[in-house]
Amino acid sequence: MRIAPSLLAGDLARIADEAARCRNGRADFLHLDVMDGHFVPNLTFGAPVVAALAEHTDVPLDIHLMVSNPDLLLDDYLAVRPARLAVHWETVPHMDRLLARIREAGVEAGVAVNPATDIECLRSVLPLTDFVLFMTVNPGFAGQTFISHIFTKMKRFREMIDGDSVSVGMAVDGGVGPDTIRRVAEAGADLAVVGSAVFGAGEPEQAIARLRKLAKGAE
Ligand code: DX5
Ligand code: ZN
């Protein structure tokens, strides 16, 4: 299981230091929650901050765009050369065009889906999608409770991709921690985004290592 700490749950005044701690803890990606105060009821940081952080870390970036107008803003984030970038299904009327733009930039293209969004809509864009980001909270804030009925959705999604013989990664975001990460791994996720359980539990380095072990069922 790959781990992407969500810096939103860290000290935002010391974001580069938090990134360094994640690097020491061998985080696979840094998850960056871009919120616009419109699609979600919170406002975090934008492209200038993400670009500034990119100068201070060599951990690959995993950008999660929670904005109403990703079409307009996308290029600013692609310019930062992240490893992965997810846009929300609920915000994009022309998803195939947007996913193609992300891939053309050499970035893995993801579709994020809110807890209430059905996955059947994803079928038509599967060939253009590198990963689906299953939201296990209603996006907007770190520290919320994991919504476990998403496991049913993940199971149906696995059946869908197996049936269509396509390979699409599965990432989970929201409320993942020591109590949930094993089930997340068993449900087929190859990446867990973790905020509070990395930054709110003592040393992030140790928290990441422990979560990795728990995902394997090794603790
Ligand atoms: C929620 C964000 C998440 C969040 C994760 O809207 O997309 O990435 O920061 O934090 P935890 O793990 O605390 O739910
Ligand atoms: Zn996120």
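Keep in mind that this is a model prediction, so the values were computed, not measured. Whatever order the structure lists ligands and atoms in, that order sets their numbers, starting from 1. The figures here come from the full heavy-atom set of this structure, side chains too, leaving out hydrogens, waters and symmetry mates.
In summary, the atoms of ligand 1 found under 4.0 Å from a heavy atom of S6, numbered by their order in the structure, are 4 (C), 8 (O), 9 (O). Ligand-side atoms of ligand 1 in range of P139: 6 (O), range being under 4.0 angstrom from any heavy atom. Below 4.0 Å from some heavy atom of H31 lie the following atoms of ligand 1, by number and element: 8 (O). Remark: ligand 1 atoms within the under-4.0 Å shell around heavy atoms of V193 are 8 (O). Below 4.0 Å from some heavy atom of M66 lie the following atoms of ligand 1, by number and element: 6 (O), 7 (O). Within the listing of ligand 1, atoms 7 (O) sit less than 4.0 angstrom from a heavy atom of H64. Contact atoms of ligand 1 toward G174: 14 (O) (distance under 4.0 Å to a heavy atom of the residue). Close approach of ligand 1 to M135 is summarised as follows: ligand atoms under 4.0 Å from at least one heavy atom of the residue are 7 (O).
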Between H94 and D71, does a side-chain hydrogen bond (donor to acceptor under 3.5 Å, both in side chains) hold up when you go through it step by step?
CA-CA 9 Å; H94 309 293; D71 232 356; 5.8 Å; no
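A cation-pi geometry, defined here as NZ or CZ lying under 6.0 Å from the six-membered ring centre and within 45° of its normal, holds between R84 and F131.
H31 and D33 form a side-chain donor-acceptor contact under 3.5 Å, judged by distance and modelled atom types alone.
L214 and I181 get closest at one heavy-atom pair: CB-CG2, 3.7 Å. Considering every non-hydrogen atom in both A197 and V176, the closest pair reads CB-O, 3.6 Å. The nearest pair of heavy atoms linking R103 to A109 is CG-CB, 4.0 Å.
In terms of protein heavy atoms, atom 2 (C) of ligand 1 is closest to D33 OD1, 3.4 Å. Ranking the protein heavy atoms by distance from atom 1 (C) of ligand 1 puts F141 O, 3.5 Å first. Of all protein heavy atoms, the one lying nearest to atom 14 (O) of ligand 1 is G175 N, 2.8 Å. Counting protein heavy atoms only, atom 12 (O) of ligand 1 is closest to G195 N, 2.8 Å. Taking atom 8 (O) of ligand 1 as the reference point, the nearest protein heavy-atom neighbour is D173 OD1, 2.7 Å. Closest to atom 13 (O) of ligand 1, if we only count protein heavy atoms, is S196 OG, 2.5 Å.
The six-membered or imidazole ring of F151 lies near that of F146, with a centre-to-centre distance under 6.0 Å.
Contact annotation: for A9 versus ligand 1, there are no heavy atoms closer than 4.0 Å.
Residues L53 and L7 form a side-chain contact, since some pair of their non-hydrogen atoms from C-beta on lies under 4.5 Å apart. Using a 4.5 Å heavy-atom threshold, the side chains of S6 and D173 count as separate.
Angle OD2(D173) to the Zn ion (ligand 2) to OD1(D33): 170° [nearest 10 degrees]. The angle H64:ND1 - the Zn ion (ligand 2) - H31:NE2 amounts to 100°, with values rounded to 10 degrees.
Remark: ligand 1 and N138 share no N or O pair separated by less than 3.5 Å (distance only, no angle test). The shortest N or O to N or O distance between Q144 and ligand 1 is not below 3.5 Å.
Counting only non-hydrogen atoms, the option in G143, G200, G140 that gets closest to atom 11 (P) of ligand 1 is G143.
Within the model, atoms CZ of R21 and CD of E203 stand 4.5 Å from one another, a figure rounded to the nearest 0.5 Å.
Ion pairing of R212 with D28 is present here, as a side-chain N (NZ or NE/NH1/NH2) and a carboxylate O approach within less than 4.0 Å. Taking 4.0 Å as the cut-off between side-chain N and carboxylate O, D118 and R156 count as a salt-bridged pair.
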